[in-house]
2 protein chains.
Amino acid sequence: MVKRTSFEHDPCPVARALDAFGDGWSLLIIREALLGVRRFSEFQARLGMAKNILASRLRALVEHGILEIVPASDGSAYHAYRLTPKGRGAFPILVALRQWSEEFDAHPDEIATVLVDRDGGRPVRKLELHAEDGRLLAPGDTTLQPRSVRKTKKTGARLSSH
Amino acid sequence: MVKRTSFEHDPCPVARALDAFGDGWSLLIIREALLGVRRFSEFQARLGMAKNILASRLRALVEHGILEIVPASDGSAYHAYRLTPKGRGAFPILVALRQWSEEFDAHPDEIATVLVDRDGGRPVRKLELHAEDGRLLAPGDTTLQPRSVRKTKKTGARLSSH
DNA sequence: CTCTCTAGTTGCATGATGAAACTAATTGCG
DNA sequence: CGCAATTAGTTTCATCATGCAACTAGAGAG
């Protein structure tokens with residue numbers, strides 16, 4: 001096999017997600033779709049990407065159930081690409097990427113936009129990870145456990161140890 | 001230019017982040033690093049990737065300031081790759097990817113691990129996005145605003161409209 | 001009916017990826 | 001010490017993906 005390795009049946013959920021949009025363009029297409037873009041030509045114009053690549057990415061995203069093809073809302077005979085719930089579910093991934101850049105980029109002054117609370121216009125907080133009981137968790141407070149094991153005596157590998 | 005387009009100077013922070021790990025392997029390397037992996041051979045064995053690709057990814061991650069080369073902790077003459085704070089900051093991205101798979105994957109039974117609260121062993125909650133005043137925000141409650149504009153009368157483009 | 005726009009496809013050059021073989025320095029071991 | 005095995009890569013080569021430009025079929029506009 002010389003093909004780009006597929007993570008479709010990898011046991012790690014991170015790898016499985018990367019199988020859907022682990023390339024440079026898919027998440028940007030989803031970003032535009034979240035902003036309301038639905039037509040081929042508009043994706044192409046806004047992202048400035050080659051049309052053949054766009055066509056193949058759109059096809060892949062439809063196959064993955066992230067986009068769906070619907071008749072154009074303006075009544076024309078053309079169709080449009082609309083996000084499915086699965087596609088809209090990628091929103092936190094985009095926020096996480098955005099916040100990582102905002103925090104660590106070498107030239108944050110080059111970043112053009114801020115994600116704000118629509119009602120009030122103030123920047124949002126950083127994404128938070130909470131325990132079931134509501135405590136705020138840092139990376140080191142979490143552990144990976146085998147799925148089948150429901151409740152054992154904390155034998156998982158520690159994250160970001162040392 | 002026929003090279004893979006670089007987003008290094010793109011105004012969108014999502015694109016800038018993808019410039020660092022918008023390929024299939026980088027985030028998996030960071031995942032392993034978060035689990036404590038530091039040596040070339042261990043990355044190679046656990047990820048099962050070609051050694052030349054691993055070498056080039058590690059080089060790129062070091063250049064991006066996500067990993068740093070340090071003397072091996074066991075006193076040997078070899079060196080190790082350690083996450084920088086910038087690299088550890090990618091943790092929420094990995095969590096977002098994981099939770100997206102957990103929620104939308106077609107075969108969730110194939111997912112091997114669960115992210116749990118280390119102290120208690122219960123699965124963590126979903127990542128939450130809050131407004132500055134603490135309100136929980138859904139995707140549609142947010143807007144993108146030009147960075148320079150601090151406080152105007154809500155003219156940003158709505159996210160996930162329609 | 002013609003002209004333009006939309007949404008692609010096709011062809012070609014080049015870069016990235018993957019498998020396997022090779023190398024050089026470093027350990028481990030008897 | 002001497003030699004085999006490990007570690008951390010590099011090199012080579014085949015194949016795949018990406019990018020650009022040119023082309024095309026169908027729809028809409030006038």
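The sequence lines fix the lettering, A, B, ..., with proteins before strands; numbering per chain opens at 1.
Distance A/M49 CE to D/dG19 C1': 10 Å, rounded to the nearest Å. If you take CZ of A/F43 and P of C/dG8, they are 11 Å apart, rounded to a whole angstrom. Note: NE2 (A/H79) to P (D/dG26) measures 15 Å, nearest angstrom.
The A/W25 side chain lies nearest to D/dG19 when the options are D/dG19, D/dT18, C/dG18. Each of C/dA7, D/dT7, C/dA20 was ranked by its minimum atom distance to the side chain of A/K51; first place goes to C/dA7. With C/dG8, D/dT18, C/dG18 as the choices, the nucleotide that has an atom nearest any side-chain atom of A/F40 turns out to be C/dG8. The side chain of A/Y78 approaches C/dC5 more closely than any other nucleotide in the set D/dG9, C/dG8, C/dC5. Here the nucleotide nearest the side chain of B/N52, chosen from D/dT18, C/dA20, D/dG19, is C/dA20.
The side chain of B/T5 contributes an N or O atom lying less than 4.0 Å from OP1 or OP2 of D/dG19. The phosphate of C/dT27 (OP1 or OP2) has a side-chain N or O of B/S76 nearer than 4.0 angstrom. A sub-4.0 Å separation between OP1 or OP2 of D/dA8 and a side-chain N or O of B/R59 is absent. Residue B/R57 places no side-chain N or O under 4.0 Å from the OP1 or OP2 atom of C/dA16.
The main-chain N or O of A/L127 is found under 3.5 Å from a side-chain atom of A/Q99 such that the two form a donor-acceptor pair. With hydrogens and angles disregarded, no donor-acceptor distance shorter than 3.5 Å links the side chain of A/E32 to the backbone of A/Q44.
Comment: A/R135 engages B/D117 in a salt bridge, judged by a side-chain N to carboxylate O separation of less than 4.0 angstrom.
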TODO: Show your working on ring-ring contact (aromatic ring centres under 6.0 Å, His included) between A/H9 and A/F7 and close with a plain yes or no.
DONE: CA-CA 5 Å; A/H9 295 292; A/F7 300 121; over 10 Å; no

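Residues B/Y81 and A/A50 each lie close to DNA chain D; by heavy-atom proximity, the contact nearer the 5' end of the strand is made by B/Y81.
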